[in-house]
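Please read all numbers here as calculations on a predicted model, not as lab measurements. Both counts, for ligands and for their atoms, begin at 1 and track the order of listing.
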Amino acid sequence: MKKSVLVADTSKINLEILEEILDPFYQVIACSDPQEIEKQAKLHKPDLILIEIHLGEVSGYEVNRVLKSDSKTRAIPVIFITAADQPEIEEKALEEGAVDFLTKPLRPTLVLARIKTHLLLADRSHLLEEQVAEKTREVLETRLDIIQILGKAAEFKDNETGSHVHRIGLYSEALARGYGFEPENCGLIRHAAPMHDIGKIGIPDSVLLKPGKLNELEWQIMQTHTTIGKDILENQTSTLLQAARIIAYQHHEKWDGSGYPSKLKGDDIHIFARIVALVDVFDALSSKRPYKEPWPLEKTLQLIKAERGIQFDPHVTDIFFENLNEILNIQKMNEDIFV
Ligand SMILES: [Fe+2]
Ligand SMILES: [Fe+2]
């Protein structure tokens, strides 16, 4: 398929000359009205634009600035056409962001050679951009995978299943959406929430896996999984790990101030942690574990309702019930796999 070139000049004769030169090799879009150039560029998305600098009342520079300010046309290479022997204009043309300039009278071989070069360069730069975007995607995916794995590692140590942390991410995202979070923050909590119990890595098995009730000292040790989690995730610059740190630190705080480790109250608890606190309890109660059967749904919901405004943020609790169908759907689609 032929590449397309938009040529803009108020002189019909010049346009005809350019069309004659380019026509055998490119699909040419000729534009003699300076007010139409932007519209034509957006409509046809040409691979390259040739603009005469002197366009009557409007200058080619101004048109170029408009094209460069719009994301739809910004990347299209622009070549200016100038009158001969005007070095200062040529210099300005390049300063204005044109990739090149051509001087009149136009020599067909030179015009074609310049266009070919810049189309090749543009192709290469697109390819590079795609490769960079692909690599960035890969890095991001790897980072998210590692985060999921870390969350799973902590849960496995605690007799939980990997699906638990995955569900916690999805439930949290659903509530964040219901709460009116921006999509970016919904994604953030989804990926950060699975790390809520990362600190359990630092709890001795004798405490973590003790079958019976914990004594006072063991309970104190168990509670430190929040501060250990905070310490593990300390000094991280990525927003994702900072969110994970807040969640790991505060997910056992309670709305009425009776939680741990800091006895934070109400809005002093970060909203991410208020959301995770609720969905973590919901999932723990409604899932089967080696030491317990799942609670019936009705009983689990009753407990959550009863803890509205006590353990759980009342507004988050309301959002949970408003989105219960979605929550139950996530649960159904992400059941535990026991081997
Ligand atoms: Fe926890
Ligand atoms: Fe959990």
Side-chain angles (χ1 to χ4, degrees), residues 147-176 189-210 213-214 218-234 241 243-264 269-295 300 303-304 307 310-313 316-317 320 327 330-331 334-338:
I147 283 164
Q148 288 276 348
I149 288 165
L150 278 174
K152 275 185 191 176
E155 297 293 341
F156 273 114
K157 190 169 170 1
D158 186 26
N159 261 339
E160 297 272 5
T161 69
S163 304
H164 167 68
V165 289
H166 184 60
R167 283 194 300 265
I168 293 298
L170 295 174
Y171 293 145
S172 299
E173 183 187 31
L175 293 201
I189 193 168
R190 174 184 172 172
H191 296 297
M195 281 182 282
H196 63 284
D197 271 342
I198 191 86
K200 283 187 178 169
I201 287 171
I203 303 296
D205 284 357
S206 57
V207 174
L208 195 64
L209 304 176
K210 184 176 169 179
K213 211 173 174 294
L214 300 180
E218 290 162 341
W219 179 230
Q220 296 289 332
I221 293 170
M222 185 62 143
Q223 291 187 6
T224 61
H225 81 275
T226 51
T227 45
I228 294 169
K230 170 182 160 272
D231 292 344
I232 290 174
L233 296 162
E234 199 82 78
L241 293 177
R245 179 176 149 273
I246 290 168
I247 293 169
Y249 191 29
Q250 298 184 358
H251 72 282
H252 286 289
E253 299 291 355
K254 295 181 179 174
W255 183 255
D256 67 358
S258 66
Y260 63 86
S262 308
K263 294 197 177 342
L264 293 177
I269 308 163
H270 194 286
I271 181 62
F272 285 179
R274 280 183 264 149
I275 289 175
V276 175
L278 191 148
V279 297
D280 193 25
V281 169
F282 167 74
D283 199 68
L285 294 178
S286 54
S287 302
K288 183 180 161 64
R289 291 289 173 270
Y291 50 87
K292 77 163 194 57
E293 285 304 308
W295 278 29
T300 309
L303 178 129
I304 291 176
E307 290 296 326
I310 302 169
Q311 180 168 357
F312 306 126
D313 174 347
V316 170
T317 315
F320 173 83
I327 298 287
I330 292 170
Q331 187 178 44
N334 297 276
E335 283 179 347
D336 291 318
I337 300 157
F338 293 101

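- No side-chain heavy atom of Ile228 sits less than 4.5 Å from a side-chain heavy atom of Ile201.
- Coordination check, Asp197 versus the Fe ion (ligand 1): passed, since an N/O/S atom of the residue sits under 2.8 Å.
- Taking all atoms of both residues into account, the shortest heavy-atom contact from Ile247 to Phe272 is CG1-CB, 3.7 Å.
- Residue contacts to the Fe ion (ligand 2): His251 brings no N, O or S atom closer than 2.8 Å.
- Ion pairing between Arg245 and Glu234 holds under the 4.0 Å rule for side-chain N and carboxylate O.
- Rounded to 10°, the angle that NE2 of His164 and NE2 of His196 form at the Fe ion (ligand 2) is 110°.
- The only member of Glu253, His225, Lys254 that meets side-chain contact (heavy atoms from CB on, under 4.5 Å) when paired with Tyr260 is His225.
- Distances from the Fe ion (ligand 2) show that Asp280 has an N/O/S atom below 2.8 Å.
- Restricting His252 to its N, O or S atoms, the one at the least distance from the Fe ion (ligand 1) is NE2.
- In summary, the side chains of Asp280 and His164 do present a donor paired with an acceptor at a separation below 3.5 Å, with no hydrogens or angles considered.
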